[in-house]
Amino acid sequence: MTTTNPSRAACRQRRHGGNTLASWYEPHGVRQPRSVAARSHMVSTAFAGIADFERSLIVERTSAGRIAAKARGVRFGPSPALSAAQIENARKLIKDEEKPVAEVARLLGVHRATRYRALADAPAEA
């Protein structure tokens with residue numbers, strides 16, 4: 001190994017019969033010791049902990065907002081495909097005029113399953 005450091009070169013020349021030269025100094029570009037890897041692992045673990053904490057705060061705030069919105073009466077999910085008047089009209093068509101379910105669904109522009117769900121969910125008016 002060639003070095004440009006004069007004091008290091010002088011030290012190498014003065015060592016006596018088989019002695020080993022040990023140095024903790026490492027010039028730039030030389031592999032870093034394991035302690036650097038340990039420190040970087042510690043830093044990345046700390047950042048991961050901070051990120052996890054931030055995520056729990058986001059979840060907590062989102063949950064609180066959802067609960068507050070429900071208390072105000074906000075409805076979540078897709079809008080109903082049929083209005084109350086359409087459901088009542090479908091009920092009359094099926095019961096009074098004895099129209100088939102598929103035809104009533106086609107008249108309302110919805111799938112049969114949607115029509116069945118709407119009739120099951122909506123209370124029957126007497």
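Just so it is clear, the model here is predicted, and its values are computed rather than measured. Quick note: numbers below take in every heavy atom, side chains included, and nothing from hydrogens, waters or symmetry partners.
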State the [atom1]-[atom2] distance between [X] and [Y], to the nearest 0.5 angstrom.
| X | Y | atom1 | atom2 | result |
| --- | --- | --- | --- | --- |
| Glu103 | Leu93 | CD | CG | 8.5 Å |
| Arg117 | Thr114 | CZ | OG1 | 4.5 Å |
| Asp96 | Arg91 | CG | CZ | 11.5 Å |
| Leu108 | Asn89 | CG | CG | 6.5 Å |

Side-chain donor-acceptor contacts of residues 53-79 below 3.5 Å, not counting sequence neighbours, with atom names and distances?
unit_1: Ser56; atom_1: OG; unit_2: Phe53; atom_2: O; d: 2.7
unit_1: Thr62; atom_1: OG1; unit_2: Ile58; atom_2: O; d: 2.8
unit_1: Arg75; atom_1: NH2; unit_2: Pro78; atom_2: O; d: 3.0

Return yes if some donor-acceptor pair links the side-chain N/O of Gln86 with the main-chain N/O of Ser83 below 3.5 Å, else return no.
yes

Answer yes or no: does atom CD of Glu97 have more than 12 heavy-atom neighbours from other residues, nucleotides or ligands under 6.0 Å?
yes

Side-chain donor-acceptor pairs of residues 43-51 under 3.5 Å, sequence neighbours excluded:
unit_1: Ser44; atom_1: OG; unit_2: Ser40; atom_2: O; d: 3.3
unit_1: Ser44; atom_1: OG; unit_2: His41; atom_2: O; d: 2.9
unit_1: Thr45; atom_1: OG1; unit_2: His41; atom_2: O; d: 2.8

